[in-house]
Amino acid sequence: MTGAAIAAAAARLAAVSASPRLDAELLLAHALGISREALLLGPDRPVPPAFEALVQRRLAHEPVAYITGRRAFWTLDLAVGPGVLVPRPDSETLIDAAVAHFRDRAPARILDLGTGSGALLLAALDQWPAAWGLGIDRSAAALAIARRNAAPFGPRAALIQGDWATAIEARFDLVLVNPPYVESGAALPPDVAGREPAAALFAGADGLDAYRRLAPMLPPLIAPGGLAAVEIGAGQAAAVGALMAAAGLAVTARADLAGHDRCLALTRG
């Protein structure tokens with residue numbers, strides 16, 4: 001039954017996962033076609049044969065989000081899959097920064113550079129129902145997934161293929177950016193390095209290549225009173241902050257739930 005199956009699967013998954021019980025619960029709920037909440041709160045059930053195949057995929061280091069095809073982010077349940085970075089809870093720090101900046105007003109125009117699955121753009125559009133947003137990504141595979149996620153937002157969400165903000169001359173109240181920031185030689189878990197797109201992870205020997213490109217692009221994009229919220233890796237606040245300050249931006253670091261500086265809130269100086 002489900003309780004015993006979760007415990008047994010979690011014991012096996014401990015070899016490949018930092019959250020084996022959560023993985024087991026999500027995989028079993030997916031096999032049953034129900035939510036994790038329904039699995040945990042509902043009656044004990046027979047375990048479907050498909051569950052073992054899902055566990056085997058996770059044991060082979062396939063991310064749970066790729067196996068289930070879904071990932072929760074902010075207020076949304078997003079489609080994800082191979083070719084797109086799996087949204088992380090740490091990235092919600094950017095939305096927190098935007099909420100704190102705008103307080104009792106709302107951004108009207110939002111730009112998401114490197115939109116991936118559309119997580120940041122769509123979370124912002126869900127937060128501010130009167131806003132319009134544009135997401136840009138170089139990856140056709142990522143944009144295909146982002147378009148699936150954006151469908152409920154209709155014309156409020158526009159998605160185009162492009163290279164950061166090249167050829168974009170408009171100004172936006174809110175600019176969101178989660179660029180690649182991992183050093184090219186860094187060791188990552190197999191379910192990240194071997195499965196998620198390298199172009200969304202790695203950014204040169206020091207992990208700062210994307211920020212060097214972005215720093216001069218950002219000031220002209222930010223409307224008066226607006227904000228750019230940029231994700232950074234652990235320990236990068238000083239280096240990235242210096243790049244942004246040199247471009248004329250005022251810089252404030254915001255920490256994630258673990259206490260690591262995760263977002264630079266940038267305003268025009």
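Just so you know, residue 1 is the first one in the sequence shown, and it goes up from there.
- Of all the heavy atoms in Phe73 and Pro87, the pair that sits closest is CD1-CB, 3.8 Å.
- Ion pairing between a basic and an acidic side chain is recognised when a charged N comes within 4.0 Å of a carboxylate O; Glu196 and Arg88 show such pairing.
- Every residue meeting the side-chain hydrogen bond (donor to acceptor under 3.5 Å, both in side chains) condition with Thr2, not counting sequence neighbours, appears here in chain and number order: Asp44.
- Checked against Tyr211 for a side chain to side chain contact (heavy atoms under 4.5 Å, CB included), the options Leu264, Leu243, Val177 give a single hit: Leu243.
- A heavy-atom distance below 4.5 Å is not found between the side chains of His260 and Thr93.
- Shown here for Ile110 and Ala131, the closest heavy-atom pair between the two residues is CD1-CB, 3.8 Å.
- For the pair Arg171 (side chain) and Pro224 (backbone), a donor-acceptor distance under 3.5 Å is absent.
- The minimum heavy-atom distance between Ala24 and Phe51, with the atom names listed, is O-CE1, 3.8 Å.
- With contacts defined as side-chain heavy-atom distances shorter than 4.5 Å, the pair Ile136/Leu111 qualifies.
- For the pair Ala119 and Leu76, the tightest heavy-atom approach, listed with the atom from each and the gap, is O-CD1, 4.5 Å.
- What you find for Ala223 and Asp173 is that their closest heavy atoms are CB-OD1, 4.0 Å.
- At distances below 3.5 Å, not a single donor-acceptor pair connects side-chain atoms of Arg36 with backbone N or O atoms of Ala29.
- Counting only distance, with no hydrogens or angles, the side chain of Gln236 and the backbone of Tyr181 share a donor-acceptor pair below 3.5 Å.
- Side chains of Leu221 and Leu113 form a contact here, defined as non-hydrogen atoms less than 4.5 Å apart.
- Put simply, the side chain of His101 gets close to the backbone of Gly225: a donor and an acceptor are under 3.5 Å apart.
- No path of Ile, Leu, Val, Met, Phe, Trp and Tyr side chains, each step under 4.5 Å between heavy atoms, connects Leu249 with Phe102, placing them in separate hydrophobic clusters.
- Counting heavy atoms from C-beta on, the side chains of Val182 and Val192 never come closer than 4.5 Å.
- With Gln161 contributing its side chain and Leu143 its backbone, the two residues share no donor-acceptor pair below 3.5 Å.
- Leu266 and Leu176 are not part of a single hydrophobic cluster, where members link through side-chain heavy atoms under 4.5 Å apart.
- Counting only distance, with no hydrogens or angles, the side chain of Asn149 and the backbone of Ser117 share a donor-acceptor pair below 3.5 Å.
- When every heavy atom of Leu174 is checked against every heavy atom of Pro107, the shortest pair comes out as CB-CB, 4.1 Å.
- With rounding to the nearest 0.5 angstrom, the CG atom of Leu27 is 11.5 Å from the CD atom of Gln56.
- Judged purely by atom type and a 3.5 angstrom limit, Arg262 uses its side chain to pair as donor or acceptor with the backbone of Ile232.
- Residue Arg138 places its CZ atom among 12 or fewer non-hydrogen atoms of other residues, nucleotides or ligands, all under 6.0 Å distant.
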Show every donor-acceptor pair shorter than 3.5 Å between a side-chain atom in residues 7-15 and any protein atom, with sequence neighbours excluded, or say none if there are none.
from, atom 1, to, atom 2, distance (Å)
Arg12, NH1, Glu52, OE1, 2.9
Arg12, NH2, Glu52, OE2, 3.0

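- One hydrophobic cluster, built from ILVMFWY side chains closer than 4.5 Å, holds both Val99 and Leu227.
- With sequence neighbours excluded, the residues satisfying side chain to side chain contact (heavy atoms under 4.5 Å, CB included) with Ala157 are Leu122, Leu125, Ala150, Phe153.
- You'll find the side chain of Ile6 reaches within 4.5 Å of the side chain of Arg21, heavy atoms only.
- Applying the salt bridge (Lys or Arg N to Asp or Glu O under 4.0 Å) test to Asp163 and every residue at least two apart in sequence or in another chain returns Arg213.
- Judged purely by atom type and a 3.5 angstrom limit, Ser19 has no side-chain atom pairing as donor or acceptor with the backbone of Leu22.
- By the side chain to side chain contact (heavy atoms under 4.5 Å, CB included) test, Asp96 pairs with Trp74, Arg254, sequence neighbours left out.
- Taking hydrophobic clusters as Ile, Leu, Val, Met, Phe, Trp and Tyr residues chained together by side-chain heavy-atom distances below 4.5 Å, Leu85 does not share a cluster with Ile145.
- Clustering ILVMFWY residues whenever any of their side-chain heavy atoms sit less than 4.5 angstrom apart, transitively, puts Leu134 in the very cluster that holds Val230.
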Enumerate, atom names and distances included, each donor-acceptor pair closer than 3.5 Å involving a side-chain atom of residues 57-67, sequence neighbours excluded.
from, atom 1, to, atom 2, distance (Å)
Arg57, NE, Glu62, OE1, 2.9
Arg57, NH2, Glu62, OE2, 2.8
Arg58, NE, Asp23, OD2, 2.9
Arg58, NH1, Glu62, O, 3.2
Arg58, NH2, Asp23, OD2, 3.4
Arg58, NH2, Asp191, OD2, 3.2
Tyr66, OH, Val84, O, 2.7

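- Side-chain atoms of Glu92 and Cys263, non-hydrogen and from C-beta on, never get closer than 4.5 Å to each other.
- A heavy-atom distance below 4.5 Å is found between the side chains of Leu120 and Ile95.
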